Q: 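Below you will find the structure I want to go over with you.
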Amino acid sequence: QGQLVESGGGLVQAGGSLRLSCVASGRTDSIKSMGWYREAPGKQRELVATIPSGGIATYVDSVKGRFTISRDYAKNTVYLQMMSLKPEDTAVYYCNAIREVDTTTFMHYWGQGTQVTVSS
């Protein structure tokens with residue numbers, strides 16, 4: 001099984017920016033997709049952005065135009081560049097990776113989470 005290690009969270013003012021990083025270890029050639037989820041207080045975890053290996057990114061509507069997900073395959077790292085942050089972006093952000101076990105079996109792996117707090 002692989003491991004995901006996140007960094008980059010913090011406290012920022014509304015309108016500011018942060019970049020989250022997530023480094024994957026293990027057999028990274030089995031990763032089919034990586035993404036970012038977030039969990040706000042009192043709400044369920046939601047998908048923010050995802051990018052499949054060799055594919056294009058998708059985003060939840062609320063962050064389109066403000067967030068950018070990217071991958072550095074040589075460093076086994078996925079990033080989430082967050083700009084024009086709003087108080088409603090406040091949440092714990094989790095890195096996610098989907099690994100292929102075999103042709104019919106996929107598993108989700110999660111980072112430990114990093115807190116992003118946006119003040120108004």
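Just so you know, these numbers come straight off a predicted model, no measurement behind them.
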Q: Determine, step by step, whether Val78 and Ile69 satisfy the side-chain contact (heavy atoms from CB on, under 4.5 Å) criterion, reporting the C-alpha distance in whole Å, the side-chain angles of both residues, the deciding distance to 0.1 Å, and the verdict.
A: CA-CA 7 Å; Val78 63; Ile69 187 171; 3.8 Å; yes

Q: Kindly compute the distance separating CG (Leu4) from CE (Met34), expressed to the nearest 0.5 Å.
A: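 Answer for the CG-CE pair, Leu4 versus Met34, is 5.5 Å.
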
Q: Can Ser53 and Arg71 be said to form a side-chain contact (heavy atoms from CB on, under 4.5 Å), step by step?
A: CA-CA 9 Å; Ser53 298; Arg71 287 177 64 177; 2.9 Å; yes

Q: Will you find, in the side chains of Asn76 and Thr28, an N or O donor that is under 3.5 Å from an N or O acceptor?
A: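 There is such a pair (donor and acceptor under 3.5 Å, judged by atom type) between the side chains of Asn76 and Thr28.
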
Q: From Arg45 CZ over to Asn96 CG, what is the distance, rounded to the nearest 0.5 angstrom?
A: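 Between atom CZ of Arg45 and atom CG of Asn96 there are 9.0 Å.
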
Q: In terms of hydrophobic clustering (I, L, V, M, F, W, Y; side-chain heavy atoms under 4.5 Å; direct or indirect links), are Ile98 and Val60 co-clustered?
A: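 No, separate clusters.
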
Q: Listing request: all disulfide (SG to SG under 2.5 Å) pairs with a residue in residues 65-120, at least two apart in sequence or in separate chains.
A: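 Sorted pair list: Cys22-Cys95.
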
Q: I would like to know whether Asp89 and Arg66 meet side-chain contact (heavy atoms from CB on, under 4.5 Å); could you show each step before the answer?
A: CA-CA 11 Å; Asp89 295 318; Arg66 300 188 298 118; 2.8 Å; yes

Q: Looking only at non-hydrogen atoms, find the nearest pair between Ser62 and Arg38 and report the distance.
A: OG-NH2, 3.3 Å

Q: First locate atom OH of Tyr93, then atom CG of Leu18, and finally report the distance between them rounded to the nearest 0.5 Å.
A: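 If I round to the nearest 0.5 Å, the distance is 9.0 Å.
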
Q: Before you tell me yes or no, could you show the steps for Glu88 and Thr90 under side-chain hydrogen bond (donor to acceptor under 3.5 Å, both in side chains), namely the whole-Å CA-CA distance, both residues' side-chain angles and the distance that decides it to 0.1 Å?
A: CA-CA 5 Å; Glu88 52 262 44; Thr90 295; over 6 Å; no

Q: Distance from Tyr94 atom OH to Tyr37 atom OH, nearest 0.5 Å?
A: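 One finds 13.5 Å between OH of Tyr94 and OH of Tyr37.
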
Q: Taking all non-hydrogen atoms of both residues, which atom of Ala14 and which atom of Ser120 are closest, and how far apart?
A: CB-CA, 4.3 Å

Q: Cation-pi between Arg99 and Tyr109: NZ/CZ under 6.0 Å from ring centre and within 45° of the ring axis?
A: yes

Q: Do Leu20 and Thr114 have side chains that get closer than 4.5 Å, going by heavy atoms?
A: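 Leu20 vs Thr114: side chains touch.
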
Q: Would you indicate whether the side-chain heavy atoms of Ser17 and Gln81 approach each other to under 4.5 Å?
A: yes

Q: List the steps and the verdict of salt bridge (charged side-chain N to carboxylate O under 4.0 Å, His left out) for Lys64 and Asp61.
A: CA-CA 5 Å; Lys64 285 183 177 178; Asp61 286 344; 3.1 Å; yes

Q: Give, for atom OH of Tyr59 and atom OG1 of Thr50, the distance between the pair rounded to the nearest 0.5 Å.
A: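 If I round to the nearest 0.5 Å, the distance is 10.0 Å.
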
Q: Spell out, yes or no, whether Val92 and Val12 are grouped together once hydrophobic residues are joined by side-chain heavy atoms under 4.5 Å, including indirect joins.
A: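 No, it is not one cluster - the side chains of Val92 and Val12 are not joined through contacts under 4.5 Å.
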
Q: Enter the distance from Ser25:OG to Gln3:CD here, rounded to the nearest 0.5 Å.
A: 4.5 Å

Q: Quick one: does Arg19's side chain get under 4.5 Å of Met82's, heavy atoms only?
A: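 The answer is no, as the side chains (C-beta and beyond) never meet within the 4.5 Å cut-off.
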
Q: For Tyr79 and Asp72, run side-chain contact (heavy atoms from CB on, under 4.5 Å): C-alpha distance rounded to whole Å, both residues' side-chain angles, the deciding distance at 0.1 Å, then the answer.
A: CA-CA 8 Å; Tyr79 304 94; Asp72 186 330; 4.0 Å; yes

Q: Are the ring centres of Trp36 and Phe67 closer than 6.0 Å?
A: no

